[in-house]
Amino acid sequence: MRLFDTVAIVGTGLIGGSVALSLKKHGLCRTVIGYSRRAQSLTLARAKKAVDRTCLSLEGIRDADLV
């Protein structure tokens, strides 16, 4: 059962990445957006399929249902 349409994860490191993967695994949201100050962190999160979209600016997560 999907609880949220879009969830934003601020910080896609170990904790944020684990939360994102769990949200996706359990089908709790349609889209996960990852935000980080470092492009390298976002590249890794996408490679691990923890996030669907990424952004380097907080503007990119303004439409999220949950942050």
Side-chain angles (χ1 to χ4, degrees):
M1 178 177 159
R2 194 180 302 160
L3 296 176
F4 303 100
D5 185 50
T6 304
V7 174
I9 301 294
V10 177
T12 57
L14 249 119
I15 295 172
S18 295
V19 170
L21 285 169
S22 186
L23 285 166
K24 292 177 72 132
K25 177 182 176 183
H26 296 289
L28 298 176
C29 64
R30 183 177 59 87
T31 304
V32 177
I33 303 171
Y35 163 81
S36 180
R37 294 180 297 172
R38 296 179 30 211
Q40 181 182 6
S41 298
L42 297 174
T43 301
L44 185 57
R46 282 200 115 169
K48 300 244 182 222
K49 300 193 186 304
V51 297
D52 301 301
R53 296 186 345 225
T54 59
C55 59
L56 290 166
S57 167
L58 288 174
E59 282 294 314
I61 64 170
R62 66 182 165 153
D63 294 329
D65 301 312
L66 177 70
V67 178

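Residue numbers run from 1 in the order of the sequence given. Being a predicted model, the structure only gives us computed values, none of them experimental.
Residue H26 holds its NE2 atom at 12.0 Å from CG of L3, rounded to the nearest 0.5 Å. The OG1 atom of T31 sits 7.0 Å away from atom CD1 of I33, with the distance rounded to the nearest 0.5 Å.
The salt bridge (charged side-chain N to carboxylate O under 4.0 Å, His left out) contacts involving residues 11-29 comprise K24-D52, where partners must be two or more places apart or lie in separate chains.
Within the 4.5 Å cutoff, the side chain of V19 has heavy atoms near those of the I9 side chain. Annotation: side chain of R2 is not in contact with side chain of L28 (no heavy-atom distance under 4.5 Å). Contact of the L42 side chain with the V51 side chain is not registered, since no non-hydrogen atoms from C-beta on lie closer than 4.5 Å.
Applying the side-chain contact (heavy atoms from CB on, under 4.5 Å) criterion to S41, with sequence neighbours excluded, gives T12, S36, R38.
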Output side-chain donor-acceptor pairs under 3.5 Å for residues 53-67, partner residues at least two apart or in another chain, one line each.
residue, atom, partner, partner atom, Å
S57, OG, E59, N, 3.2
D65, OD2, D5, N, 3.0
D65, OD2, T6, N, 2.9

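Using modelled atom types, no side-chain atom of S22 and backbone atom of S18 make a donor-acceptor pair closer than 3.5 Å.
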